[in-house]
Amino acid sequence: MWIIFGVISIIVTFINLYMYTAGKDYKLAMAMGLSFTALTLCAEYSLVSDWVEVKDWAALEDVVPSMERALWFLTIVSIILNIAPILLERKGKK
């Protein structure tokens with residue numbers, strides 16, 4: 001499920017940036033991009049929780065260390081890209 005939320009988050013983020021460059025209202029797309037990023041993190045956490053419940057230590061040892069770095073990086077990039085239009089808009093008004 002996390003991969004579906006992640007792909008939707010990426011698509012909506014690009015829609016957000018497109019809408020900003022086209023001069024349209026982008027705030028709903030921005031909120032959706034950030035929301036799907038949060039849902040991706042929650043779904044990934046649920047997956048890890050399931051692995052702990054079934055004591056699948058091999059999966060945890062293989063996946064969690066690399067996914068931690070990837071999720072941190074992708075979450076930071078998502079936040080920056082989604083709030084970029086607001087920052088650019090504020091910079092343009094000054």
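Basis for what follows: all heavy atoms, side chains included, without hydrogens, waters or symmetry-related copies.
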Any Ile11 side-chain heavy atom under 4.5 Å of Ile15 side chain: yes
Could I get the full list of side chain to side chain donor-acceptor pair (under 3.5 Å) partners for Asn16, not counting sequence neighbours? Asn82
Same cluster (ILVMFWY, side-chain, under 4.5 Å), Ile80 and Val12: no
Which distance, rounded to the nearest 0.5 Å, do you find between the CD1 of Ile86 and the NZ of Lys91? 16.0 Å
With sequence neighbours left out, what residues match Tyr26 under side chain to side chain donor-acceptor pair (under 3.5 Å)? Glu89
Donor-acceptor pair, distance only, cut-off 3.5 Å: does the side chain of Thr40 make one with the backbone of Gly6? yes
Treat each ILVMFWY residue as a node, draw an edge where side-chain heavy atoms are under 4.5 Å apart, and state whether Leu47 and Trp57 are in one component. yes
Going from OG on Ser9 to CD1 on Ile3, what distance comes out if it is rounded to the nearest 0.5 angstrom? 12.0 Å
Linked, directly or transitively: Leu28 and Ile8 (ILVMFWY side chains, under 4.5 Å): yes
Just so I know, are the side chains of Trp2 and Met67 near enough to count as touching, which here means a heavy-atom distance under 4.5 Å? yes
Within one Ile-Leu-Val-Met-Phe-Trp-Tyr cluster: Val52 and Leu41, side-chain cutoff 4.5 Å: yes
Residues clustered with Ile10, ILVMFWY side-chain links under 4.5 angstrom: Phe14, Leu17, Phe73, Leu74, Val77, Leu81
Under a 3.5 Å distance rule, please check whether Ser46 uses its side chain to pair with a backbone N or O of Cys42 as donor and acceptor. yes
For the atom pair OG1 (Thr21) and CG (Leu88), what is the distance rounded to the nearest 0.5 Å? 10.5 Å
Between CE on residue Met30 and CE on residue Met19, distance to nearest 0.5 Å: 11.5 Å
Mind checking the CG-CG spacing from Asp56 to Asp50? Nearest 0.5 Å is all I need. 10.5 Å
Hey, could you give me the OH/NZ distance between Tyr18 and Lys24, rounded to the nearest 0.5 Å? 5.0 Å
I'd like to know if Val63 and Met1 are part of one continuous hydrophobic network [Ile/Leu/Val/Met/Phe/Trp/Tyr, side-chain heavy atoms within less than 4.5 Å]. yes
Side chains of Thr75 and Thr37, donor plus acceptor under 3.5 Å: no
Which atoms form the tightest heavy-atom contact between Pro65 and Leu60, and what is the distance? CD-O, 3.5 Å
